[in-house]
Amino acid sequence: MSWKPPSDPVNTKNKPIKVSQLCELCHCRKAILKRPKNLQKICKECFFHVFETEIHNTIVTNNLFYPGERVAVGASGGKDSTVLAHIMKLLNERYNYGIDITLLSVDEGIVGYRDDSLATVKRNQKQYGLPLEIVSFKELYNWTMDEIVATAGIRNSCTYCGVFRRQSLDRGAQKLKIHHVITGHNADDMAETVLMNILRGDVARLEKSTAIITQSSGSPIKRSKPFKYSYQKEIVLYAHYKKLDYFSTECTYAPEAFRGTARELMKNLEAVRPSCIIDIIHSGENLVLKEKEQRFKKLGPGEDPLTVNSGFIDGNRCERCNYLSSNKICKACMLLEGLEKNRAAITLEKDSSVDGAARVMRTLEHLSF
Amino acid sequence: MVKLRVEFLGGLDVVFNKQRTYDLDIPSSGAFTIKDLLDYLVDKMIDNPKDVEVFIEDGTVRPGIITLINDADWELEGELEYEIEDGDVISFTSTLHGG
Ligand code: SF4
Ligand SMILES: [Zn+2]
Ligand SMILES: [Zn+2]
């Protein structure tokens, strides 16, 4: 698939620029955007400079990298990870971080979506001259997302996809002996997640959701989000003005409904008050839970200790696949077990002529899953 | 008559016949604003009426879609009131698709 950049419109008529249209930073070029963060009107050149510098500052103040560190960019071919790969290469060269960058992609096996976006990642690999590693659901779990949806239905597709993708990225990094995965999650994503956790009353996750670096204790792999403070709008504009090659088709399987609603809400809020994205993150950062001990409530009469104190137990490993897990069996293996049962049932149904009763039984089995 | 180019980026092309760029000659007498352009696009260029809400909400471009007039954010150009001139490039980019 070839790629054609968008056009590069210039002022065709050389209309004189009014003073009020000038960039508020350099005062010499025409402003082309109003920053959502602070409503400052700035020109293209100044935009590139402040956008890149702010990310550099985020990296430095949070000590995201150390010299010699090997880092994998979780690359999907979408706008965020494409800009991330571009920016990381640029900043690493400009400021001598001394890090070694690899692109790491997950192939979920979604025909018409992931195959096309992987083609974009492969072009990015050439454009940026970075090594690329692709891990696939099929090779790791022997299931493609298309097969999973055919078996388990479309409704929970994102649950499966999310659990398997997270693990796949870790496994891919481990294979490459890389201990740090960076992702393109931006301020909008983070605000959306904070909002969702608040709406769901998921206090335990709220605290983790604004962290720029996350690492489960015992896990060899840490994750970080250099775009934590970058607005989606600015990332898209950056990609547009720099003519970066990214993929923007929607996944065939509808995204999680609740997240979609939260996103809509965020976008509407942003239209009225652009700073609200950073404000929500700020609120999330300051909603800190009390000390851990106090979180473990005393048991009341007749209360089940498991449901009351369902805090995470870090450092445990899954009995089946040895992946880090707070339970005996990790989420991915649980999901796989359910899938395998259904695959068996479906195959049976296909190749034997079943009578009515047996068919009803299998339909029931299918339903209980 | 006004001659302009429109671009549908960031996945928006799906509601415009999967084509990203159109060069348009739109008959008009007097000022032709972005508002007029939106009406034209909805009337003439979105085939499936169900797709209109992907692009338009409450009479304006849906939040989450960036509108650029000659590469400048339309917020700096008067938004719906901007009067389109010959040779202008208007682009719409979705920030909602893909990730
Ligand atoms: S929308 Fe859901 S199914 Fe599609 S890639 Fe994203 S998480 Fe996977
Ligand atoms: Zn400037
Ligand atoms: Zn497991």
Side-chain angles (χ1 to χ4, degrees), chain A residues 4-13 15 20-21 30-36 39 41-44 76-82 113 117 120 183-186 188-189 231-237 239-241 246-251 255 260 263-272 274, chain B residues 2-16 18-24 50-51 53-80 82-99:
Chain A
K4 237 176 74 230
S7 60
D8 194 4
V10 277
N11 272 342
T12 37
K13 261 153 252 91
K15 274 182 285 185
S20 62
Q21 290 179 311
K30 185 173 181 278
I32 47 104
L33 91 128
K34 197 156 121 195
R35 300 199 72 194
L39 306 183
K41 297 173 194 165
I42 56 176
C43 71
K44 206 182 274 189
S76 67
K79 49 195 179 279
D80 301 303
S81 61
T82 300
Y113 169 66
S117 61
T120 311
T183 55
H185 290 100
N186 57 47
D188 297 49
D189 297 329
Y231 272 63
Q232 180 72 271
K233 179 174 177 183
E234 293 197 349
I235 293 172
V236 172
L237 282 174
H240 179 79
Y241 293 142
Y246 71 87
F247 179 82
S248 51
T249 298
E250 200 60 274
C251 172
R263 177 166 304 176
E264 192 106 325
L265 180 58
M266 281 299 316
K267 286 292 133 194
N268 288 326
L269 287 169
E270 186 192 6
V272 182
Chain B
V2 57
K3 272 168 115 56
L4 71 150
R5 166 172 289 191
V6 281
E7 291 179 326
F8 304 105
L9 310 171
L12 270 183
D13 54 325
V14 288
V15 299
F16 294 93
K18 300 200 169 147
Q19 190 176 322
R20 284 159 58 103
T21 308
Y22 290 88
D23 289 311
L24 302 175
K50 273 196 198 147
D51 286 341
E53 62 180 44
V54 175
F55 184 53
I56 300 286
E57 189 179 302
D58 295 333
T60 187
V61 179
R62 182 172 163 207
I65 295 174
I66 303 172
T67 306
L68 298 178
I69 299 169
N70 299 319
D71 251 2
D73 194 333
W74 75 331
E75 285 181 51
L76 301 175
E77 305 285 339
E79 303 195 8
L80 292 172
Y82 175 84
E83 292 180 12
I84 297 172
E85 298 177 24
D86 280 342
D88 278 350
V89 178
I90 316 293
S91 56
F92 301 97
T93 307
S94 172
T95 66
L96 303 165
H97 288 73

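Proteins come first, then strands; the chains are lettered A, B, ... in the order of their sequence lines, and each starts at number 1.
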Scored by heavy-atom pairs under 4.5 Å with chain B, the best of Glu264(A), His185(A), Glu270(A) is Glu264(A)

Choice from Asp189(A), Asn268(A), Ile235(A) maximising heavy atom contacts with chain B below 4.5 Å: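 Maximum pair count with chain B is reached by Asn268(A).
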
Show the nearest heavy-atom pair for residues Asp73(B) and Leu33(A), with the distance to one decimal.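 Looking at all heavy atoms of both residues, the closest pair is CB-CA, 3.9 Å.
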
Heavy-atom pair of closest approach, residues Gly64(B) and Lys267(A): CA-CD, 3.5 Å

Asp71(B) side chain reached by Lys44(A) side chain, heavy atoms, under 4.5 Å: yes

Inter-residue atom distance Asp80(A).CG - Thr95(B).OG1, 0.5 Å rounding: 9.5 Å

Who pairs with Glu79(B) by side chain to side chain donor-acceptor pair (under 3.5 Å), at least two apart in sequence or on another chain?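 Testing Glu79(B) for side chain to side chain donor-acceptor pair (under 3.5 Å), a comparison that skips the adjacent residues, returns none.
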
Would you say that more than 12 heavy atoms from the other residues, nucleotides or ligands in this model lie under 6.0 Å from the CG of Asp23(B), or not?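 Result for CG/Asp23(B): enclosed.
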
Would you say that more than 12 heavy atoms from the other residues, nucleotides or ligands in this model lie under 6.0 Å from the CD of Glu53(B), or not? no

Applying a strict 4.5 Å limit to non-hydrogen atoms, the region of Leu68(B) in contact with chain A is side chain

Applying salt bridge (charged side-chain N to carboxylate O under 4.0 Å, His left out) to Glu75(B) and not counting sequence neighbours gives Lys34(A), Lys233(A)

